[in-house]
Amino acid sequence: MGEAEDAEALQDELRRLVQADTPGPDLVTTVAGLDVAYDTDSDLVAGAVVVLAAPGWEVIASATAVGRASFPYIPGLLSFRELPPLLDAWEAVLSRLTTPPDLLVCDGHGIAHPRRFGLACHLGVTVDLPTIGVAKTQFVGEHSSPGQRRGERTAIILEGEPVGAALRTRDGVREVYISVGHRTNLDSACRWVLELCPRYRLPETTRSADQLSRTALAEARLAA
DNA sequence: GCGACAG
DNA sequence: ATCTTGTCGC
């Protein structure tokens, strides 16, 4: 059995641990954003985690982790490539906080995945906190085009099941793709994403984590 | 078999 | 993912 087959089998096992929602009032005061940057001509990777606080989304904590890519990019197995650097950065940022973030926003999909276990699900069951996936491009399923106004959305359907939403975060911009990761629901996910997009198409968490991971990678290249 | 395919 | 600043268009 190859690495890919092992990884797929693990996804089918871990999928059982995904929880649909966290009961109780969904107060969100801090949100984490996570991203990974890759070097063009080496296996250097940099994971970054930023923590933003409502309502202004200022960065209250952040951490990065530089390492070597240990798994290739294979559609459907992205989490096996990105989780190592993300978890390293996650541990670092947790040590700088007194309270864990209320929500983690991932760059990629959650259950909108061939085996219903994308990056957001894998990260969620690993840290056991609410996670959502916010992807810039579609991966699986079909959906109609949502209206051109901010907040409009359509369902992403995979094999007859709703697995996410194509959400317009700003008037007239291309939609983003939202799906549940762990311990949350699609309505809450879309609401949080809209709050995180007061000005741009992508959530402030995504923008901030993306920028931090790139600068961390650039610094690592100089040192190496 | 062929093409598509998150980041 | 990555190559990359200013610039064309609404």
Side-chain angles (χ1 to χ4, degrees), chain A residues 3-5 7-8 11 14-15 18 33-50 64-90 104-124 126 131-143 148-150 156-159 163-182 186 189 193 201-203 205-221 224:
Chain A
E3 295 293 305
E5 287 74 15
E8 290 182 4
Q11 289 181 322
L14 294 176
R15 184 174 56 183
V18 171
L34 307 90
D35 196 16
V36 179
Y38 299 88
D39 191 10
T40 305
D41 38 40
S42 83
D43 57 355
L44 211 55
V45 299
V49 177
V50 297
T64 61
V66 173
R68 303 279 170 182
S70 58
F71 201 92
Y73 170 66
I74 301 173
L77 299 178
L78 176 65
S79 65
F80 292 90
R81 179 172 173 77
E82 303 213 328
L83 226 45
L86 289 181
L87 289 176
D88 285 345
W90 171 251
L104 279 60
V105 178
C106 301
D107 245 11
H109 293 91
I111 64 172
H113 176 278
R115 284 169 300 282
R116 310 297 200 280
F117 197 75
L119 172 63
C121 300
H122 202 157
L123 179 68
T126 301
T131 60
I132 64 174
V134 178
K136 295 177 286 296
T137 61
Q138 178 272 348
F139 184 28
V140 295
E142 291 83 40
H143 65 88
Q148 291 301 309
R149 295 308 223 172
R150 165 183 165 89
I156 297 172
I157 305 297
L158 176 63
E159 299 165 346
V163 295
L167 175 69
R168 193 88 60 194
T169 56
R170 302 293 301 169
D171 290 356
V173 303
R174 194 158 72 80
E175 62 263 41
V176 296
Y177 305 87
I178 312 300
S179 60
V180 161
H182 182 58
L186 188 57
V193 168
R201 171 188 176 234
L202 296 178
T205 37
T206 301
R207 291 164 44 76
S208 187
D210 177 77
Q211 200 255 359
L212 182 59
S213 66
R214 293 192 200 216
T215 55
L217 180 65
E219 290 171 7
R221 303 187 46 160

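Chain naming here is simple, since letters A, B, ... match the order of the sequence lines and numbering starts at 1 in each. Side chains included, hydrogens not; waters and symmetry mates left out as well; all remaining heavy atoms used. Please read all numbers here as calculations on a predicted model, not as lab measurements.
Listed for the A:R168 side chain is a donor-acceptor partner under 3.5 Å among the backbone atoms of A:V173. With hydrogens and angles disregarded, a donor-acceptor distance shorter than 3.5 Å links the side chain of A:T169 to the backbone of A:R201.
Atoms CG (A:L123) and P (B:dG7) sit 16 Å apart, rounded to a whole Å. In this structure, A:H113 places its NE2 atom 20 Å from P of B:dA4, rounding to the nearest Å. Note: NE2 (A:H109) to C1' (B:dA6) measures 6 Å, nearest angstrom. A straight line from CG of A:L78 to P of B:dA6 spans 9 Å, rounded to a whole angstrom. Summarising the geometry, the separation between CZ on A:R68 and P on C:dA1 is reported as 21 Å, rounded to the nearest angstrom. Residue A:I156 contributes atom CD1, which lies 11 Å from atom C1' of B:dA6 at whole-angstrom precision. One interatomic measurement links the two molecules: CG of A:D210 to C1' of B:dA6, which rounds to 14 Å at whole-angstrom precision. The CD1 atom of A:I132 sits 15 Å away from the C1' atom of B:dA6 (whole-angstrom rounding).
Of the candidates A:D35, A:V50, A:V49, A:L202, A:V50 is the only one forming a side chain to side chain contact (heavy atoms under 4.5 Å, CB included) with A:S208.
Within the 4.0 Å cut-off from OP1 or OP2 of B:dA6, at least one side-chain nitrogen or oxygen of A:Y73 is found. Between A:T137 and B:dC5 there is no side-chain polar atom (N or O) within less than 4.0 angstrom of OP1 or OP2. One finds no side-chain N or O of A:R81 lying less than 4.0 angstrom from the OP1 or OP2 phosphate oxygen of B:dA6. OP1 and OP2 of B:dA6 both lie 4.0 Å or more from every side-chain N or O belonging to A:K136.
Counting non-hydrogen atoms under 4.0 angstrom, A:L119 reaches a base of the nucleic acid. Residue contacts shown for A:L83 are absent, as no nucleic acid heavy atom lies under 4.0 Å away. Here A:D39 lies out of heavy-atom contact (under 4.0 Å) with every strand. Note on A:G172: nothing from the nucleic acid sits closer than 4.0 angstrom, heavy atoms only. Within 4.0 Å (heavy atoms only), A:A112 reaches no atom of the nucleic acid at all.
Within a 6.0 Å radius of CD in A:E142, no more than 12 heavy atoms belonging to other residues, nucleotides or ligands are found.
In this structure, A:D107 pairs ionically with A:K136, as a charged nitrogen and a carboxylate oxygen lie closer than 4.0 Å.
When distances are taken from the side chain of A:P75 to each of B:dC5, B:dG7, C:dT2, the shortest belongs to B:dC5. For A:R214, whose side chain is taken as the heavy atoms from C-beta onward, the closest listed nucleotide among B:dA6, C:dA1, B:dG7 is C:dA1.
The stacking criteria are not both satisfied for A:Y38 over the base of C:dA1, which would need a centre-to-centre distance under 5.5 angstrom and an angle between ring planes under 30 degrees.
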